[in-house]
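The structure appears below as C-alpha cells.
Note that these values count all heavy atoms, side chains included, but never hydrogens, waters or copies made by symmetry. Order of listing sets the numbers, starting from 1, for every ligand and every atom in it. Throughout, numbering of the chain's residues begins at 1 and tracks the sequence.
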Amino acid sequence: MPKNASKKPVDRETTVVLMNEKKWYKPSKKAKNEATVKHWKTAHEYATENPMRFWEEAACDLKWYRKWKVTHAEKKKHFHQWFLGGKTNVVLNALDRHMGTPTENKVAIIWESDSGESRKITYKELDIEVCKMANGLRGLGVKKGDRVAIYLQNTPEIAISMLACAKIGAMHSVVYAGFSAHALRDRIDDAEAKLLITSDVGYRSGKTIDMYSLCAEAVKGAKSIKKMVIVKREKSTKKQNKTRDIWFHELQKGQSEDCNTEMMDAEDPLFVLYTSGTTSKPKGVVHVHGGYQVGVNRTLKWVMDLKEDDIYWCSADPGWITGHSYIIYGPLMAGVTTVMFEGAPNYPKPDRLWKLVQKHKVTIFYTAPTLIRALMRFGDEWVTKHDLSSLRLLGSVGEPINPEAWRWYHRVVGKKKLPIMDTWWQTETGMFMITPLPSMPLKAGSATLPFPGIEADVVDKKGQPVKVGEGGYLVIKSPWPSMIRTIFNNPKRFIKTYWKEIPGYYLTGDLAHKDKDGYFWIQGRSDDVLSIAGHRIGNAEIESAIVSHPDAAEAAVIGKPHPIKGESAKAFVILKKGVKGNDKLIKKLKKQIRKMLGPIAVTDEIDFVTKLPKTRSGKIMRRVLKAQELGQKLGDTSALAD
Ligand code: WTA
C-alpha cells in the first residue's frame, strides 16, 4: 500500500489513494498573458464569495428576449430553477445574434468526412439551413415540447437538426449512431419521440453503414413515431416507406429562409440525452434553455479560452453530452469556428487527427484519454511529422487521464508548452465542473479545482469531508445553472439517484480524492458503470442483453483495466440447465450483445460459471468477482449471501 494511503478505509466507505503525482507544470508566460482569466485565484475567490453574482454576470454575456427576475430558486426540494422569468432560446445566442454582424460571414462549421472531403459552412449559411429545417419540422406538425429523436453521424446535418428543434422549442433526443436498433427503440419509446431523423447510410473507416435499415427496424411498431426524415448520402438510395419516410433535402425544399425563433422560458426543456446507469434502463437527462446556455458559454470561454479567430476542435461525437455542449452549442454561442469530424482517428492511418490539425490550422484541440492512449501506441513519429504549430491549448475529457498519457500528450502534441485542460464533468452537469483554467499550474492526471462558482468536495458515506490522502464520494454542494433538471418522465428516480444517498448534496457517482494543495483526482465510478473507450455503459445493460439469449440464465459483468479502452468488459454467465458452454455459444452471446446494444458493449471475455456472488437481497456483488479476477483482496464481504 502506498505511503499516503489510509490504513482502514472501509468503515466509512472511503477508498485508498494509489496515485501520488507531485510534479507541477507551470503555465508559460505566453499562455498566462493570453488567457482570458489571467488571475485565476482572484476569479475563484470572487465567485466563492458571491456565486449568484458570478452567474448573473455570466448570464449577462448572453442575449435574452426578456431579462430574468429571480436568479435561482428551489421550486420543490431538489428541483432547482435558474433565471426565472427570463425569456430566451439557445438559438438566439448560437445563431440569431450573429446575424447582421461580421460573424455571419465567418465559418461556423468545418466538416471533414470519413473519406477526407471537407465542407465549410458560414454562420449565415447555417442559419438558412436551420430556418428551412425548422419550417419543415413545423410543417410536419412538430410543436413546442415535442420530442424528436436524432440518429446521425458527426455531420453538419446533426447540428442543423439539433438547432432546428431548439429553434421551434422541440426537445431533441440524440442517440449515438453506434447504438443498436434495440437500444434506439428503447430511447424512442421512453421519450415518446414523434419523429426520427437519420440518414440512408453512414461512413466509418472506409466502410458504408446501413443506417436506414437499422432505423426502420427500430421504429417498427413504435407508436409515437409519425415520420422518418432521411439525409440522402448515396445517389442510389430510394425511399422505401412512402407514407412514413421523407428526405431531409425535400423537407427543406421550398421552405422560407426565415423562421421565427420560439421565445422560451428559461426553464423550458431544450433536450433529453440518455445516459447509462446502474440498472438496465437508461436515464433521460433533461436540460433547459436558460441555465444550460449560461453554464456552457462561461465554461467554454474561460477554460478553452476561446478567442474570435480560434479554430476549435472537440473530437467527441455529438451523440454524447460533450458534443452537445462543446461541439455544437458552446462554440456557436461563442461565434468561433467548430470542427466536426466524421471519421475514425486511425483511418486511413494513425495520423489522421494530426493531419487534420495541420490542414485546418486548429488552435484548440479537445479529446479523450482513450484516444490519446490508442494513438500513443503507434509512436511519436505519426504526430511529429505534422506541423502542429497552430495549436495553443489542449483538452481532455471522459475518464481519468493517467499521468503517463498526460505527459505524452503534453510532450509530443503540446511540445511541452501547451496547457492541458483536464475537464471533469457529466451528462448531468451539462458543463465543466472540475477543471483548470489556462493560467493555473497543473499536475499530470489531476482535473485540478472546481470551476469558479462550483462548490465540490470529497466526502464519506455520511457526508463528512475525507482527509487528505483518502478517497471518497465526489459531491457537488450547491446548485449550478446547467445542472440536470430531472430524469425524463421519472422525477422519483431523479431524486433517488442523485440526492438521496448523501443528503443535501448532489451525488456524482464518482470516487475522488484531494491532495494537500486541494487538487482533485478522479478515481472512477463508484457504482457499476463501465467506461469503455470513454463511453459509460451500465454493467446491468450488458447483463440484460446476455440473458435475453435463450441459453443464458444469469450474468454478471465486470470491468477490467485495459491499456487502450480504459476498461474492457468480462462476463460471468450461468447457463440454463442442460446447455453446454463452448466457444460456439460464446460467439452467439457476443452476437446477442452486439445486436442489443451495439459493438461497443461486446464483452472481451465470457466465462461460464455455476454460481454468482450475491448479497442477501439478491444483488450481484460484482466487486467480489472483480477482486477475484484481478487477484486482489476481497475486502468487506459481510453482505455476501453465500
Ligand atoms: C467520467 C462526459 C475523470 C466520470 C463529459 C464522469 C471523467 C463520467 C472526466 C461522465 C475527467 C468525465 N476525469 N473522469 N476529466 N470526465 N469523466 O456523462 O466518471 O458521458 O462521472 O459525460 O465520465 O460521463 P458522461
Side-chain angles (χ1 to χ4, degrees), residues 15 19 21 174-176 178-179 271-278 282-287 292 295-296 299-300 303-304 314-327 329-330 366-373 394-403 405-406 409 420-436 442-451 454 456 458 471 473-476 482-484 487 497-498 506-513 519-538 559 565-567 600:
T15 54
M19 267 205 322
E21 281 284 322
V174 180
V175 179
Y176 173 63
F179 274 118
F271 64 80
V272 53
L273 180 59
Y274 286 86
T275 179
S276 292
T278 46
K283 300 185 285 264
V285 173
V286 175
H287 282 289
Y292 175 75
V296 170
T299 48
L300 184 61
V303 176
M304 295 298 167
C314 165
S315 78
D317 190 277
W320 310 112
I321 189 70
T322 310
H324 281 53
S325 299
Y326 299 117
I327 298 179
Y329 291 120
Y366 183 32
T367 194
T370 179
L371 225 131
I372 297 168
R373 285 194 293 267
L394 301 174
S396 169
V397 62
E399 55 184 316
I401 176 163
N402 48 310
W406 193 100
Y409 195 30
I420 299 177
M421 301 297 104
D422 177 8
T423 60
W424 177 91
W425 59 296
Q426 308 177 298
T427 305
E428 294 87 341
T429 69
M431 65 174 217
F432 306 149
M433 297 294 279
I434 298 176
T435 171
L442 307 171
K443 292 186 198 183
S446 167
T448 73
L449 299 171
F451 186 78
I454 296 302
V458 181
Y473 297 91
L474 177 64
V475 293
I476 313 295
S482 67
M483 64 200 293
I484 172 176
I487 292 176
T497 310
Y498 304 108
Y506 166 83
L507 184 73
T508 66
D510 277 8
L511 297 171
H513 71 93
Y519 273 34
F520 285 69
W521 299 77
I522 313 296
Q523 297 175 309
R525 304 288 303 162
S526 63
D527 58 6
D528 291 314
V529 173
L530 297 164
S531 175
I532 302 173
H535 301 150
R536 276 166 93 183
I537 296 163
K565 294 194 283 188
E567 266 191 316
I600 192 134

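- Here OG of Ser315 is found 10.0 Å from CG of Asp317. Values are rounded to the nearest 0.5 Å.
- Residue Thr427 holds the heavy atom nearest to atom 22 (O) of ligand 1 of all those in Ile434, Val285, Thr427, Thr435.
- The residue from Ile484, Val175, Ile321 that alone fulfils the side-chain contact (heavy atoms from CB on, under 4.5 Å) condition with Leu273 is Ile321.
- In the candidate list Ile321, Thr429, Asp510, Ile401, Asp510 is nearest to atom 19 (O) of ligand 1, counting heavy atoms.
- Heavy-atom proximity to Val397, at under 4.0 Å, picks out these atoms of ligand 1: 5 (C), 16 (N).
- The distance from the CG atom of Leu474 to the CH2 atom of Trp521 is 15.0 Å, given to the nearest 0.5 Å.
- Exactly one of Thr429, Asp510, Thr435 qualifies for a side chain to side chain donor-acceptor pair (under 3.5 Å) with Trp424. That residue is Asp510.
- Proximity of Ile454 to Ile434: side-chain heavy atoms (C-beta onward) are nowhere separated by under 4.5 Å.
- Within the 4.0 Å heavy-atom criterion, the part of Thr423 lying near ligand 1 is the backbone and not the side chain.
- Interface atoms of ligand 1 facing Thr322, defined by a heavy-atom separation under 4.0 Å, are 5 (C).
- Looking only at atom types and distance, the side chain of Tyr366 has no donor-acceptor partner in the side chain of Thr322 under 3.5 Å away.
- Relative to atom 12 (C) of ligand 1, the option among Trp521, Trp425, Phe432 with the closest non-hydrogen atom is Trp425.
- When each atom of ligand 1 is checked for a heavy atom of Ile522 under 4.0 Å away, the hits are 3 (C), 14 (N).
- Contacts between Ala447 and ligand 1 below 4.0 angstrom, taking non-hydrogen atoms only, are absent altogether.
- Contacts of Gln426 with ligand 1, taken as heavy-atom pairs under 4.0 Å, involve both backbone and side chain.
- Rounding to the nearest 0.5 angstrom, the gap separating the CD1 atom in Ile476 from the OH atom in Tyr506 is 7.5 Å.
- The residue among Ala368, Ser446, Gly430, Gly398 with a heavy atom at the shortest distance from atom 1 (C) of ligand 1 is Gly398.
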